[in-house]
Amino acid sequence: MREGYEGTGPGAITPDGCAVELYARLPAGEEPGVVAAAVPPGAHILELGSGAGRVTRPLLERGFRVTAVDESAGMLEKVAALDGGVRTVLSPIEHLDLDEKFPVVMLASFLVHTGDAAVRRGMLRACRRHVTDHGCVLIQREGADYHTNVPRERVDPAGHTIRILSAEPVGDGVNEVRAEYVFPDAVWTQTFRARPLTPEQFEEALAEAGLKVDRCLTDDGTWVRAVPVG
């Protein structure tokens, strides 16, 4: 388990506190549409932190090729079972080195906000290392009030409830966030560490890795398209 991360509930728990069974249940939401509108049809996507395939499945259904990377073998077992011939790679994102490049690299699930700055640097360098010179990196970042609008909850149309219970400072600009997922037949919790980033800090982090913002993909700015520098 990564330091500061914890998860409870039925089934296996990954090193960052995610429950495999939970993430196999969660719907994709708007993400596949955002990705499809930002990249060429049928592009080969390197999905960093695929989890159980929540977004992988609809991307495959839309005709994209996907190489899915995750540090959890349990998550990748779910991905490998999907139709569409997805390739899976077991590795922490920050250590990934496939010696190949992709036209599209995707870093979703707010992973750019990981509390460990060294891990964030490693993730963004992995993005730059694996994107073609004329390709793009799609990054999902937190909303402006993610850490301040707490507690809050959202009832998903599928019937489950997602709650962000707290976001407490633990030092060095990092918050410990506690989330709860309530289904009719099970409850899961996840505790993780996240670092809020101002737009300036986000752009500085990208620049350090050799990337720059190309454009925002959503009105709220939570999805960004970045491109290589130089």
Side-chain angles (χ1 to χ4, degrees), residues 1-7 14-18 31 35 38-39 45-51 55 67-72 75-76 88-144 146-147 167-177 190-217 221-230:
M1 193 67 63
R2 291 177 182 260
E3 184 180 356
Y5 292 73
E6 183 183 8
T14 67
D16 60 354
C18 296
E31 286 96 327
V35 173
V39 303
I45 300 173
L46 177 64
E47 184 184 9
L48 302 177
S50 66
V55 177
T67 293
V69 177
D70 204 275
E71 66 179 352
S72 164
M75 290 288 196
L76 289 180
T88 61
V89 178
L90 179 65
S91 174
I93 297 168
E94 64 269 28
H95 300 316
L96 184 70
D97 192 351
L98 296 178
D99 195 28
E100 60 183 294
K101 295 182 182 291
F102 300 78
V104 182
V105 178
M106 184 170 69
L107 186 68
S109 301
F110 312 135
L111 290 173
V112 73
H113 291 275
T114 182
D116 189 325
V119 171
R120 182 196 66 220
R121 293 188 191 101
M123 287 181 174
L124 289 175
R125 286 170 181 158
C127 290
R128 179 64 184 92
R129 186 162 56 245
H130 291 93
V131 69
T132 61
D133 289 342
H134 300 289
C136 64
V137 180
L138 307 184
I139 303 172
Q140 184 184 26
R141 57 185 181 182
E142 297 170 343
Y146 186 85
H147 292 262
E168 300 294 335
V170 293
D172 191 32
V174 176
N175 290 336
E176 186 170 272
V177 181
Q190 182 182 3
T191 300
F192 57 95
R193 292 191 175 178
R195 182 184 298 273
L197 297 171
T198 66
E200 294 76 17
Q201 289 171 330
F202 176 71
E203 291 181 9
E204 288 172 2
L206 292 185
E208 185 181 16
L211 298 166
K212 66 176 181 180
V213 173
D214 178 43
R215 59 187 171 95
C216 288
L217 303 178
T222 55
W223 276 91
V224 172
R225 184 180 190 267
V227 294
V229 176

Subject >> Glu208 side, atom CD; Arg120 side, atom CZ - distance, nearest 0.5 Å >> reply: 7.0 Å

Original post:
Of the options Ile139, Leu217, Val213, which is the one that meets Arg225 in a side-chain contact (heavy atoms from CB on, under 4.5 Å)?
Top reply: Leu217

**OP:** With sequence neighbours excluded, tell me which residues meet salt bridge (charged side-chain N to carboxylate O under 4.0 Å, His left out) with Arg141.
**Re:** none

Subject >> Beyond-backbone contact of Leu197 with His113, side-chain heavy atoms, under 4.5 angstrom >> reply: yes

**OP:** Please step through side chain to side chain contact (heavy atoms under 4.5 Å, CB included) for the pair Leu138 and Val39, ending with a clear verdict.
**Re:** CA-CA 9 Å; Leu138 307 184; Val39 303; 3.8 Å; yes

Subject >> Side-chain heavy atoms of Thr114 within contact of Tyr5, under 4.5 Å >> reply: yes

**OP:** Check the pair Glu176 / Thr191 against side chain to side chain contact (heavy atoms under 4.5 Å, CB included), numbers first and verdict last.
**Re:** CA-CA 7 Å; Glu176 186 170 272; Thr191 300; 3.5 Å; yes

Original post:
Which atom pair, heavy atoms only, marks the closest approach of Arg128 to Leu211?
Top reply: CD-CD2, 3.7 Å

Original post:
How far apart are the closest heavy atoms of Ala194 and Glu142, and which atoms are they?
Top reply: CB-OE2, 3.6 Å

Original post:
Which of these, Leu107, Val131, Val104, Leu96, sits in a side-chain contact (heavy atoms from CB on, under 4.5 Å) with Leu46?
Top reply: Leu96

Original post:
Measuring from Arg121:CZ to Asp116:CG, what's the distance to the nearest 0.5 Å?
Top reply: 8.5 Å

Original post:
Side chain of Lys101, backbone of Arg129: donor and acceptor closer than 3.5 Å?
Top reply: yes

Subject >> Side chains of Met123 and Leu111 in contact at under 4.5 Å (non-hydrogen atoms) >> reply: yes

Original post:
Are Thr14 and Glu71 side-chain neighbours, meaning at least one heavy-atom pair lies under 4.5 Å?
Top reply: no

**OP:** May I ask you to test the Lys212-Leu206 pair for a side-chain heavy-atom distance under 4.5 Å?
**Re:** no

Subject >> Close side-chain approach of Glu47 to Phe102, heavy-atom, < 4.5 Å >> reply: no

**OP:** List the atom of Ser91, the atom of Val69, and the distance in Å for their closest heavy-atom pair.
**Re:** O-CG1, 3.7 Å

Subject >> His147 vs Val177 side-chain heavy atoms within contact, under 4.5 Å >> reply: yes

Subject >> Nearest non-hydrogen partners of Ser50 and Asp70, listed with the distance >> reply: N-OD2, 3.5 Å

Original post:
So, does Gln190 use its side chain to make a donor-acceptor pair with the main chain of Gly7 at under 3.5 Å?
Top reply: no

**OP:** Write down the atom of Leu124, the atom of Ala209, and the distance for their closest heavy-atom approach.
**Re:** CB-CB, 3.7 Å

**OP:** Heavy atoms only: give me the nearest Gly135-Pro228 pair and the separation to one decimal.
**Re:** O-CD, 3.4 Å

Original post:
To the nearest 0.5 Å, how far apart are CD in Gln140 and CZ in Phe110?
Top reply: 4.5 Å

**OP:** Quick one: list whatever passes salt bridge (charged side-chain N to carboxylate O under 4.0 Å, His left out) with Glu94, sequence neighbours left out.
**Re:** Arg2

Original post:
Do Asp16 and Phe192 have side chains that get closer than 4.5 Å, going by heavy atoms?
Top reply: no

